[in-house]
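Just so you know, residue 1 is the first one in the sequence shown, and it goes up from there. The structure presented is a predicted model; accordingly, all values stated were derived computationally and were not measured.
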Amino acid sequence: TGNPARLQKALEKARRGEPVTMAFIGGSITEGAGAIPSHTGCYAFKTFQRFCELAGKGTEENIHYIKAGVGGTPSELGMIRYERDVLRDGSVEPDIVVVEFAVNDADDETGGTCYDSLVRKIVTAENRPAVILLFAVFDDDWNLQERLSPVGKAYDLPMVSVRDAVVEQFY
């Protein structure tokens, strides 16, 4: 769901050979928990590889990869980590940002305000990056999709639900 126009713009930019930076921010799922090896077996790297293929480019040719996944961190810390780990204190302007906190925000005392603030910060950046919200699942197929998807709807962002896409196949 959501408007893919910004994502299409980034893909076209990559196909022209211009530099494009893909960033992934989230918790342990983004970090690569359970993937073997964690750096190249994780969803973030596989998504990066596929984007490179769609752009007709090799990995790291003109498309750059930032993985800012840290296990156990919610979007409250993600707001701080975004500055440090993705923007690298202002030296990077990502073209695509995937946000994954649909599991770690379970105990968020702000009820989603930090998540909304993080997404708004990314969406309103001067370079207008594509933002994709990923709703991964916990080991019991649970996530916070109902609480977090209104943020994506408010900004008309592409959203991917692992629960909706694949969980039913396992039952």
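Hydrophobic cluster membership differs between Leu77 and Val98, with clusters built from Ile, Leu, Val, Met, Phe, Trp and Tyr side chains linked at under 4.5 angstrom. A single hydrophobic cluster is not seen to contain both Leu144 and Val70; linkage of ILVMFWY side chains at heavy-atom distances under 4.5 Å, directly or through other members, places them apart. Ile80 and Val97 are assigned to two separate hydrophobic clusters, defined by single-linkage of ILVMFWY side chains at heavy-atom distances under 4.5 Å.
A 4.5 Å side-chain heavy-atom check between Ser75 and Tyr82 finds every atom pair outside the cut-off. Residues Phe101 and Leu133 have side chains not in contact (no heavy-atom distance under 4.5 Å, counting atoms from C-beta outward). Counting heavy atoms from C-beta on, the side chains of Ile132 and Leu157 never come closer than 4.5 Å.
Within a 6.0 Å radius of CZ in Arg128, other residues, nucleotides and ligands contribute 12 heavy atoms or fewer. Counted within 6.0 Å of CG on Asn127, heavy atoms from surrounding residues, nucleotides or ligands total more than 12; the atom is thus considered enclosed. Enclosure of atom CD in Glu93 is not indicated, since only 12 or fewer non-hydrogen atoms of other residues, nucleotides or ligands lie within 6.0 angstrom.
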How far apart are the C-alpha atoms of Ile122 and Val99, what are their side-chain angles, what is the distance that settles it, and do they pass the side chain to side chain contact (heavy atoms under 4.5 Å, CB included) test? CA-CA 10 Å; Ile122 302 167; Val99 180; 3.8 Å; yes
Stepwise side chain to side chain contact (heavy atoms under 4.5 Å, CB included) check, Val103 with Val137: CA-CA 6 Å; Val103 172; Val137 293; 5.5 Å; no
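For the side chain to side chain contact (heavy atoms under 4.5 Å, CB included) test, residues two or more places apart in sequence or in another chain that qualify with Glu53 are Arg50. Ala154 meets the side chain to side chain contact (heavy atoms under 4.5 Å, CB included) test with no other residue; sequence neighbours excluded. With sequence neighbours left out, the side chain to side chain contact (heavy atoms under 4.5 Å, CB included) criterion links Lys153 to Ser149, Met159. Judged as a salt bridge (charged side-chain N to carboxylate O under 4.0 Å, His left out), and not counting sequence neighbours, Lys67 has no contacts. The side-chain hydrogen bond (donor to acceptor under 3.5 Å, both in side chains) search around Glu109 returns none, not counting sequence neighbours. Checked against side-chain hydrogen bond (donor to acceptor under 3.5 Å, both in side chains), Glu61 has no partners two or more places apart in sequence or in another chain. By the ring-ring contact (aromatic ring centres under 6.0 Å, His included) test, Phe48 pairs with Phe45, Tyr65, sequence neighbours left out. Asp156 is linked by a side chain to side chain contact (heavy atoms under 4.5 Å, CB included) to Asn3, counting only residues two or more places apart in sequence or in another chain. Taking His64 as the reference, Glu60 meet the side-chain hydrogen bond (donor to acceptor under 3.5 Å, both in side chains) condition, with sequence neighbours excluded. Applying the salt bridge (charged side-chain N to carboxylate O under 4.0 Å, His left out) test to Lys121 and every residue at least two apart in sequence or in another chain returns Glu83.
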Output side-chain donor-acceptor pairs under 3.5 Å for residues 21-30, partner residues at least two apart or in another chain, one line each.
residue	atom	partner	partner atom	Å
Thr30	OG1	Tyr43	OH	2.8
Thr30	OG1	Glu100	OE1	2.7

Enumerate, atom names and distances included, each donor-acceptor pair closer than 3.5 Å involving a side-chain atom of residues 112-120, sequence neighbours excluded.
residue	atom	partner	partner atom	Å
Thr113	OG1	Thr110	O	3.1
Asp116	OD1	Tyr155	OH	3.2
Asp116	OD2	Arg120	NH2	2.7
Ser117	OG	Thr113	O	2.9
Arg120	NE	Tyr155	OH	3.1

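Looking at Asp89 and Arg84, no side-chain N of the basic residue comes within less than 4.0 Å of a carboxylate O on the acidic one, giving no salt bridge.
Residue Asn62 comes nearest to Lys57 through the heavy atom pair OD1-CG, 3.2 Å, listed as atom of the first residue, atom of the second, then distance. The two residues Val20 and Asp95 come nearest to each other via the heavy atoms CA-OD2, 3.2 Å. Closest heavy-atom contact between Ala55 and Ile63: CB-CD1, 3.8 Å. Closest heavy-atom contact between Pro129 and Arg6: O-NH1, 2.8 Å. Of all non-hydrogen atoms in Asp85 and Ala68, the two that sit nearest each other are CB-CB, 3.7 Å. The two residues Thr40 and Pro37 have their closest heavy-atom pair at OG1-CG, 3.1 Å.
Between the CD1 atom of Ile96 and the OG1 atom of Thr47 there is a distance of 10.0 Å, given to the nearest 0.5 Å.
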